[in-house]
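Data block below; observations after.
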Amino acid sequence: MATTKTGLVVTAHPGDFVWRAGGAIALHARKGYRVKIVCLSYGERGESQFAWKEAGATLEKVKAGRRDEAERAAAVLGAEIEFFDVGDYPLRLKEEHFDRMVDVYRELNPSFVLTHALEDPYNFDHPTAAHFAQETRVVAQAMGHKPGAKYTYAAPPVFLFEPHQPEQCNFKPQVILNIDEVWEQKRRAFEVLAAQKHLWEYYTRVALNRGVQGGRNAGTPMTYGEAYQRLFPAVVGELA
């Protein structure tokens, strides 16, 4: 029996997986992959500008609203989502979160991982999430972590998605993914995120810019793209 391929997205806040990786999520889900998003926080403190402007806003109301948005956005993209609820600005990751993340790697055995860039002077939650995703990816290989547990796991390639201001984050695109066939799906997921509607048009422009660059490098016209940086080298049998 063929095993379903899987993908894992580790994101600090709800909006991140939509703006930066929504195309990859939708594209792989459409190809039959099981895609799981681990959302470390609800972005309730620092990532919910419009939600806090509503009358009667409280921390719990904002959290509930952001969870609902994230669940609906993930559904639009065809993914499942698990929340760790560690709080944001800053993320406060504990041992139980670490152990659960290792378990997710072992249970899912992902073919690839998508997470944040290694640097972001504007948002320290993002590199914290990236480090967490990387460290748990490695520990999941360690037979001495929860010895006796039965699992099949091979450490997957990691792709870092584009930060909000890439030049300031030492982010250099190495992969541009053509997301033309799922762009409308990604845009619908944007529009679920009412708490961050100020970013809808910004990330539409980002996708258009990457589409132009992708078409130029591939020699094949494309309109919308997503940029990624590989964390580890690609191992190939030939260069063509």
Side-chain angles (χ1 to χ4, degrees), residues 6-29 33-48 62-63 65-93 97-98 100-105 108 110-120 122-137 156-166 169 171 177 179 185-186 189-190 192-193 195-196 199 202-203 206-207 226-229 231:
T6 59
L8 175 63
V9 182
V10 182
T11 179
H13 316 105
D16 298 325
F17 73 84
V18 179
W19 317 127
R20 312 180 203 287
I25 294 168
L27 189 66
H28 286 83
Y33 282 67
R34 175 191 173 195
V35 182
K36 178 163 186 165
I37 301 161
V38 170
C39 190
L40 299 180
S41 80
Y42 298 118
E44 64 269 19
R45 296 184 188 276
E47 300 279 311
S48 303
V62 172
K63 285 176 69 173
R66 294 311 312 274
R67 177 177 181 129
D68 176 66
E69 287 182 3
E71 288 176 336
R72 288 187 288 119
V76 168
L77 298 172
E80 59 191 81
I81 189 166
E82 179 175 338
F83 300 95
F84 279 22
D85 191 15
V86 306
D88 69 322
Y89 282 58
L91 298 179
R92 293 298 189 198
L93 292 154
H97 305 126
F98 192 97
R100 176 57 192 150
M101 192 71 242
V102 172
D103 288 347
V104 169
Y105 273 106
L108 194 66
S111 301
F112 62 85
V113 177
L114 308 180
T115 193
H116 293 271
L118 302 182
E119 299 178 42
D120 193 336
Y122 298 98
N123 192 320
F124 285 91
D125 286 358
H126 293 165
T128 297
H131 179 81
F132 178 71
Q134 293 171 62
E135 190 175 14
T136 50
R137 169 191 174 275
V158 179
F159 296 87
L160 309 176
F161 39 65
E162 183 169 2
H164 189 70
Q165 297 195 49
C169 302
F171 177 88
L177 183 67
I179 61 168
Q185 200 173 341
K186 179 173 179 174
F190 278 16
V192 170
L193 302 177
Q196 292 181 286
L199 293 176
Y202 177 86
Y203 279 104
V206 169
E226 282 178 350
Y228 294 90
Q229 185 172 358
L231 190 56

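In this structure the side chain of Met101 reaches within 4.5 angstrom of the side chain of Val10, judged on heavy atoms. Counting heavy atoms from C-beta outward, Leu91 and Ser41 have side chains that approach closer than 4.5 Å. In this structure the side chain of Pro156 reaches within 4.5 angstrom of the side chain of Pro110, judged on heavy atoms. Taking the side chain as every heavy atom from C-beta outward, Val76 and Arg72 never approach each other to under 4.5 Å. At least one side-chain heavy atom of Val104 sits under 4.5 Å from a side-chain heavy atom of Val38. Phe84 has its side chain within reach of Glu82: a pair of non-hydrogen atoms, C-beta onward, lies under 4.5 Å apart. You'll find the side chain of Val9 stays beyond 4.5 Å of the side chain of Lys36, heavy atoms only. Pro127 has its side chain out of reach of Leu118: every pair of non-hydrogen atoms, C-beta onward, lies at least 4.5 Å apart.
Put simply, the side chain of Asp88 never gets that close to the backbone of Pro90: no donor and acceptor are under 3.5 Å apart. A distance-only check finds a donor-acceptor pair linking the side chain of Asp125 to the backbone of Tyr89 [under 3.5 Å].
Here the closest heavy-atom approach between residue Leu108 and residue Gly7 is recorded as CD2-O, 3.6 Å. Across all their heavy atoms, Gly78 and Ala29 have their closest contact at O-CB, 3.6 Å. Of all the heavy atoms in Leu77 and Lys186, the pair that sits closest is CD2-CA, 4.1 Å. Closest of all the heavy-atom pairs between Ala73 and Val192 is N-CG1, 3.8 Å. Counting all heavy atoms, side chain and backbone alike, Pro157 lies closest to Ser111 at CD-O, 3.2 Å. Minimum heavy-atom separation, Ala24 to Tyr228: CB-OH, 3.2 Å.
Note that CG of Leu193 and CZ of Phe17 are 7.0 Å apart. Values are rounded to the nearest 0.5 Å. Note: Leu40 CG to His97 NE2 = 8.5 Å, rounded to the nearest 0.5 Å. To the nearest 0.5 Å, atoms CD1 (Ile25) and CZ (Arg20) are separated by 12.0 Å. Here the straight-line distance linking atom OG1 of Thr115 with atom CG of Leu8 works out to 8.5 Å at 0.5 Å rounding. From Ile81, atom CD1 reaches atom CD1 of Ile37 across 4.5 Å, with rounding to the nearest 0.5 Å. Rounded to the nearest 0.5 Å, atoms CZ (Phe190) and CH2 (Trp19) are 6.0 Å apart.
Applying the 6.0 Å contact sphere to OH of Tyr202 captures more than 12 heavy atoms from other residues, nucleotides or ligands.
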Side chain to side chain contact (heavy atoms under 4.5 Å, CB included) for Phe83 and Glu71? Distances and angles first, verdict last. CA-CA 10 Å; Phe83 300 95; Glu71 288 176 336; 3.7 Å; yes
Trace of the side chain to side chain contact (heavy atoms under 4.5 Å, CB included) decision for Glu226 with Phe161: CA-CA 8 Å; Glu226 282 178 350; Phe161 39 65; over 6 Å; no
Let's go through Val35 and Thr6 carefully: what are the C-alpha distance in whole Å and the side-chain angles of both, what is the deciding distance for side chain to side chain contact (heavy atoms under 4.5 Å, CB included) to 0.1 Å, and is it a yes or a no? CA-CA 6 Å; Val35 182; Thr6 59; over 6 Å; no
Could you please spell out the steps behind the side chain to side chain contact (heavy atoms under 4.5 Å, CB included) verdict for Gln134 and Val113? CA-CA 9 Å; Gln134 293 171 62; Val113 177; over 6 Å; no
Before giving the answer on ring-ring contact (aromatic ring centres under 6.0 Å, His included), spell out for His126 and His164 the whole-Å C-alpha distance, their side-chain angles and the decisive distance to 0.1 Å. CA-CA 11 Å; His126 293 165; His164 189 70; 9.2 Å; no
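Taking a cutoff of 4.0 Å between a charged side-chain nitrogen and a carboxylate oxygen, Glu47 and Arg66 do not qualify as a salt bridge. Salt-bridge check for Lys63 with Asp85: passed, with a basic side-chain N closer than 4.0 Å to an acidic carboxylate O. Between Glu80 and Arg34 there is a salt bridge, since a side-chain N of the basic residue sits under 4.0 Å from a carboxylate O of the acidic one.
Between Tyr42 and the choices Glu69, His13, Arg67, the side chain to side chain donor-acceptor pair (under 3.5 Å) rule is met once, by Arg67.
Between Phe112 and Tyr33, the two ring planes are tilted [angle within 30° to 60°].
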